[in-house]
Amino acid sequence: MPGDKARALRASLWGPRPDRAIQNLRTGAELERALEERRRRPPLRTGLGALDRMSDGGLARGALVELCGRRSSGRLALALAALAAATSAGEPTALVDPAEQLDPESARAAGVELKRLLWVRPGDARASLACCGALVDAGFALVVLDVSELRGKRKRVPAAAWLRLARAARAQEAVLLLVSAEPLAGTAADALLTAEKARTLWDRGAWPPLLSGVASRLSVCQRRRLGVATSMDTLSLSSK
Amino acid sequence: MPDFPLAARVRAEPALERVPAAVLEGPANAPRLAAVTLEARAAGLRPGQSVPQARALLPEALLRPRDPLAERAAEQALREAAESFSPRISGEGPGLFFLDITGEPAGDCSLPACRDAIASRPKELALAEGLAARARAAGLWARVGVADSRAAARAAAELRVGAAESSQGAPVLIPPGGAAAFLAPQPVRCLHPSPELAARLARWGIATAGALAELRAGDVSLRLGPEGLALHRAARGLDSREFVPEPHPTCFFEGKGFDWPLCELEPFARAAGEVLERLAARLASRGLACRALEVTLALDPEGRDTRALSLAAPTRDAKVWLGLLALELRRRPPKAPVAGVWASATPEESRLVQLTLFGPPAASPDKVSTTLARLSSHLGAERVGTPEAVDSHRPESYALGRYEPEPPSDAPAPLEAPGHIALRVLRPRVALTVRADAQGRPGWLAGPEAEIRGSVRVASGPWRVEDGWWTEEAVCREYWDVELSDGALYRIFLDPARNAWFADGIYD
């Protein structure tokens, strides 16, 4: 009904609350931008169904994604799953590991194609950020930065550095996955994934009991232009 | 290449090109001018003059000694420029190379007609002009002559600057079969006889190559010997020996001698940077890169200091090499001032990767190589690479390989992946204080920091691991997987020989 639409438009523009009309106009421009973003490359699937469902199909390209959690919450497993998916898809990937804690056997068991994974071991967080920036600029599609076990002075990074890194990831449409014990990037991160261990799975049918895996509770908080969306799910990580 | 020592110096020091300058040679106490620039020649300087004579004529002239390093590098650069046009190359002296290319049937061979020959034979002209351009790109002004004998080609290339028939840089083409006619009016010295032979020919009144060619070969051989016979054949447009190409060099070389010894890193880095830039440009002109670089410093007053630089990936980025060299010199400064530097690069093919149209976009191999080289120069080559699992019983073992991924394939990625719990390896392992029960089962443990501390909720083990019992570094461990009261999962082990407990992994 064109007449109704015209009346509604006139009411919104010249009605009793014209400021709301102006707000709506800005939202329209943002909608255009959001549509443009969807026309770009699809997100990076991690292969973990729960995580991909919660994050609209995977890790968004051109985004800094933060993955936090305590020890044994499954954060490294999630990072390796993302690396496995990216290397299987043939994308250039890198792991910046200042604490030098990668176990190649674990990575291989998780499905990471080691030949496609670049492992960089800088000494501290500052050097790690510089390495991440260089790798993103070089065209690596997924760069994982694991600072979760850095302690003390080695961990200190100015806040502006995260913003620069996020900007670089956006420019190159790369995924930058930051693994940490607590949130570090602040507003620079486009999404915050929090992993929490629900319980440890022991196979008590045998003696001694065998470690079967962990069940992790995962929550995803995505910062969008139109607001913040949060979702939560549980996923199981096995040892085999 | 005319005045090769001067050309090599100008290549290493471009500022000399447009100023009155000369290169000296001879004994250190009485050097003489070996070659002069055009500006110096216009001011009256000539080769053979002594330094006081040159200073009297032009006090502001720049006088430089011959630089063997720069000449060697220029020689190689000229050779590479020539190799890009023909693989069959023979070096006949400093700055002189002969290339074997095929020609077409002879036409009118007097010199003005050569230009017509050039117009009718664009292939040889294009080749000659391309060769001169390639040499210019390498910082060298080369003259090119094309003929079917080496003597005629050399004489054509050496035609004087300012002559009506040719100008510096313009190639001269002699049609096939026309070498003798071209050489006939040229002076005998264009055949480069020895001074004794030239003097004898001058006494006999033989001033031109044509006059020499008219003599009978038997008489020439009898009176002038083998050298005379070779000269006679050259005057007739014939080569006296077969063209034997030289093998390709397996490494690229660039170098520069300094006018005075350098003690500080900054001026040295500037000079070394120029050397490395030239080396990078030569590699780039052939589509090659370099992973291993050997830099030799000439020390003052004598001695050499050689440094081997190794990169994680081949690159031709001179800044990366310079950064690596600067790091190396800061770590281990040379023991004496540096009087010269030369760099030798072992070339490698740049990796050619065919990117797929339909698969995921891949990073540019050249960009990746340069980034890897930069990272390895800052962090160390041992900190950048591809992780490799090692066939060993020691769980913490690993190896580092070169990052050389295969190009992406069009095969679809697996849709679902089973989640696997991962292990963080603690490097170095963390010493623990453990209270175990009578069966040796850990009940409580604590590390040096508060993060590993608590009672053991569940302990799974022990699993005995032994490795290398036949070596001095034998390993015997009893491993446990433990869950602490705070929920963290660790992999710990007991070293029975030392009765010591360690944590070497965190399940995460």
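Below, each value reflects all heavy atoms present in this structure, side chains not excepted, and no hydrogens, waters or symmetry copies. Residue numbering restarts at 1 for every chain, and letters A, B, ... go by the order of the sequence lines.
Taking every heavy atom of both residues into account, A/R71 and B/Y490 meet most closely at NH1-OH, 2.8 Å. Closest of all the heavy-atom pairs between B/Y507 and A/S72 is O-OG, 2.8 Å.
In this structure, A/R121 contributes its side chain and B/L379 its backbone to no donor-acceptor pair below 3.5 Å. Judged by distance alone, the side chain of A/D103 and the main-chain N or O of B/R424 form no donor-acceptor pair under 3.5 Å.
Residue B/E396 does not touch chain A at all, counting heavy-atom pairs closer than 4.5 Å. Residue contact with chain A, scored on non-hydrogen atoms closer than 4.5 Å, involves the side chain of B/W463 exclusively. The contact between A/V179 and chain B is made entirely by side chain atoms (from C-beta outward), counting heavy-atom distances below 4.5 Å. Residue contact with chain A, scored on non-hydrogen atoms closer than 4.5 Å, involves the backbone and the side chain of B/L423 alike. In this structure, the portions of B/L489 lying under 4.5 Å from any heavy atom of chain A include both its backbone and its side chain. Using a 4.5 Å cut-off between heavy atoms, B/R441 touches chain A through its side chain atoms alone. Looking at A/S148, the atoms closer than 4.5 Å to chain B (heavy atoms on both sides) all sit in the side chain, from C-beta outward. Within the 4.5 angstrom heavy-atom criterion, only side-chain atoms of A/S106, from C-beta onward, approach chain B. Contacts between A/D97 and chain B at a heavy-atom distance below 4.5 Å are absent for every atom of the residue. A/W202 touches chain B through its side chain: at least one heavy atom from C-beta onward sits under 4.5 Å away, while N, CA, C and O do not.
The candidate with the highest count of non-hydrogen atom pairs below 4.5 Å against chain B, out of A/V112, A/L102, A/L80, is A/L102. Residue with the most contacts toward chain A among B/R457, B/E388, B/E449: B/E388 (heavy-atom pairs, distance under 4.5 Å). Counting heavy-atom pairs under 4.5 Å between each of B/V425, B/L375, B/T386, B/V390 and chain A puts B/V425 at the top. Counting heavy-atom pairs closer than 4.5 Å to chain A, the top-ranked of the candidates B/G385, B/P462, B/A488 is B/G385. Most heavy-atom pairs under 4.5 Å with chain B, from the set A/A94, A/G69, A/A109, A/G111: that is A/A109.
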Start with the C-alpha distance between B/I506 and A/E149, add both sets of side-chain angles, then the distance that settles side chain to side chain contact (heavy atoms under 4.5 Å, CB included), and finish with yes or no. CA-CA 10 Å; B/I506 307 171; A/E149 294 296 321; 4.0 Å; yes
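Using a 4.5 Å heavy-atom cutoff, the side chains of B/V368 and A/P92 are not in contact. Using a 4.5 Å heavy-atom threshold, the side chains of A/Q101 and B/L426 count as touching. Between B/S460 and A/L211 the shortest side-chain heavy-atom distance does not fall below 4.5 Å.
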